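Okay, structure first, notes after.
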Amino acid sequence: MWILAFIFSQSILNVFSEDLHSSVYFVNASLQEIVFASTTGTLVPCPAAAVSPATLRWYLATGEEIYNVPGIRHVHQNGTLQIFNFLPSGFSKLIHDNTYYCTAENPSGKIRSQDVHIKAVFREP
Ligand SMILES: *[C@@H]1O[C@H](CO)[C@@H](O)[C@H](O)[C@H]1NC(C)=O
Ligand SMILES: *[C@@H]1O[C@H](CO)[C@@H](O)[C@H](O)[C@H]1NC(C)=O
């Protein structure tokens, strides 16, 4: 039952994104992992996009919409997710080693990007 429901929702999604491919689309479907240095931080463009005006939002893989944390994590107006550089003592698995996805939405439709694992590595001085 669950599997059928899943397949059903996947086929709806496929039809949905094909119909609307001219207004909402994938920018880089091969972007699945970002490994960045804690000393530099990272900027991750939304892998899903839309003909503007559009709303780009980032979520955790759990479906929870992410919030800006001053000096730690920020979603820019253009949909780029920025994770700032940080000290080892500031490490938070929830922010610095987690799976995210982005959605693009405009009046003609909405798509969800693939999951992107974003992970910090430490460089010891
Ligand atoms: C897509 O992402 C991959 C992995 O980060 C990268 O190597 C590739 O250059 C990107 N392609 C485009 C078109 O941005
Ligand atoms: C989005 O905006 C940020 C902050 O202004 C900038 O650093 C980044 O390069 C921009 N990304 C794109 C894809 O325009």
Side-chain angles (χ1 to χ4, degrees):
M1 189 57 198
W2 282 109
I3 291 172
L4 277 182
F6 178 72
I7 291 169
F8 185 62
S9 62
Q10 286 299 104
S11 50
I12 288 179
L13 264 181
N14 287 340
V15 170
F16 201 58
S17 39
E18 272 165 32
D19 285 351
L20 300 166
H21 78 276
S22 57
S23 52
V24 284
Y25 53 92
F26 294 105
V27 176
N28 190 349
S30 62
L31 184 69
Q32 289 170 5
E33 184 161 60
I34 301 281
V35 178
F36 70 99
S38 62
T39 50
T40 61
T42 189
L43 286 161
V44 186
C46 178
V51 172
S52 57
T55 308
L56 302 175
R57 290 196 188 90
W58 282 91
Y59 298 83
L60 296 177
T62 53
E64 188 186 340
E65 187 168 358
I66 67 166
Y67 47 90
N68 291 334
V69 184
I72 297 177
R73 182 176 65 196
H74 188 81
V75 179
H76 292 282
Q77 285 299 319
N78 62 14
T80 294
L81 169 66
Q82 179 167 18
I83 297 179
F84 294 88
N85 58 328
F86 62 97
L87 296 171
S89 58
F91 177 79
S92 159
K93 188 161 166 43
L94 199 61
I95 290 172
H96 301 118
D97 181 4
N98 210 336
T99 303
Y100 293 79
Y101 65 87
C102 179
T103 62
E105 181 172 16
N106 69 16
S108 56
K110 179 177 182 177
I111 59 169
R112 171 205 195 283
S113 77
Q114 72 284 1
D115 287 347
V116 183
H117 184 201
I118 301 179
K119 179 182 169 42
V121 293
F122 296 102
R123 294 232 177 102
E124 298 301 329

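Just so we're clear, the structure is a prediction, and the values are computed from it rather than from any experiment. Counting convention: from 1, in listed order, for ligands and their atoms alike.
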If you measure from CZ on Phe91 to NE2 on His96, what distance do you get to the nearest 0.5 Å? 7.5 Å

Which N or O atoms of ligand 2 sit under 3.5 Å from a protein N or O, and how far apart is each pair?
{"from": "ligand 2", "atom 1": "2 (O)", "to": "Asn78", "atom 2": "OD1", "distance (Å)": "3.4"}
{"from": "ligand 2", "atom 1": "2 (O)", "to": "Asn78", "atom 2": "ND2", "distance (Å)": "2.4"}
{"from": "ligand 2", "atom 1": "11 (N)", "to": "Asn78", "atom 2": "ND2", "distance (Å)": "3.0"}
{"from": "ligand 2", "atom 1": "11 (N)", "to": "Thr80", "atom 2": "OG1", "distance (Å)": "3.2"}
{"from": "ligand 2", "atom 1": "14 (O)", "to": "Asn78", "atom 2": "ND2", "distance (Å)": "3.2"}

Atom CD1 of Ile111 and atom SG of Cys102: how far apart are they, to the nearest 0.5 Å? 9.0 Å

Out of Leu60, Ile95, Asn98, which residue meets the side chain to side chain contact (heavy atoms under 4.5 Å, CB included) rule with Ile66? Leu60

Linking I/L/V/M/F/W/Y whenever their side-chain heavy atoms sit closer than 4.5 Å, directly or via other members, would Leu43 and Ile118 fall into one cluster? no

Any side-chain donor-acceptor pair under 3.5 Å between His117 and Glu33? yes

Residue pairs passing the salt bridge (Lys or Arg N to Asp or Glu O under 4.0 Å) test where at least one lies in residues 56-83, sequence neighbours excluded: Arg57-Glu65, Arg57-Glu105

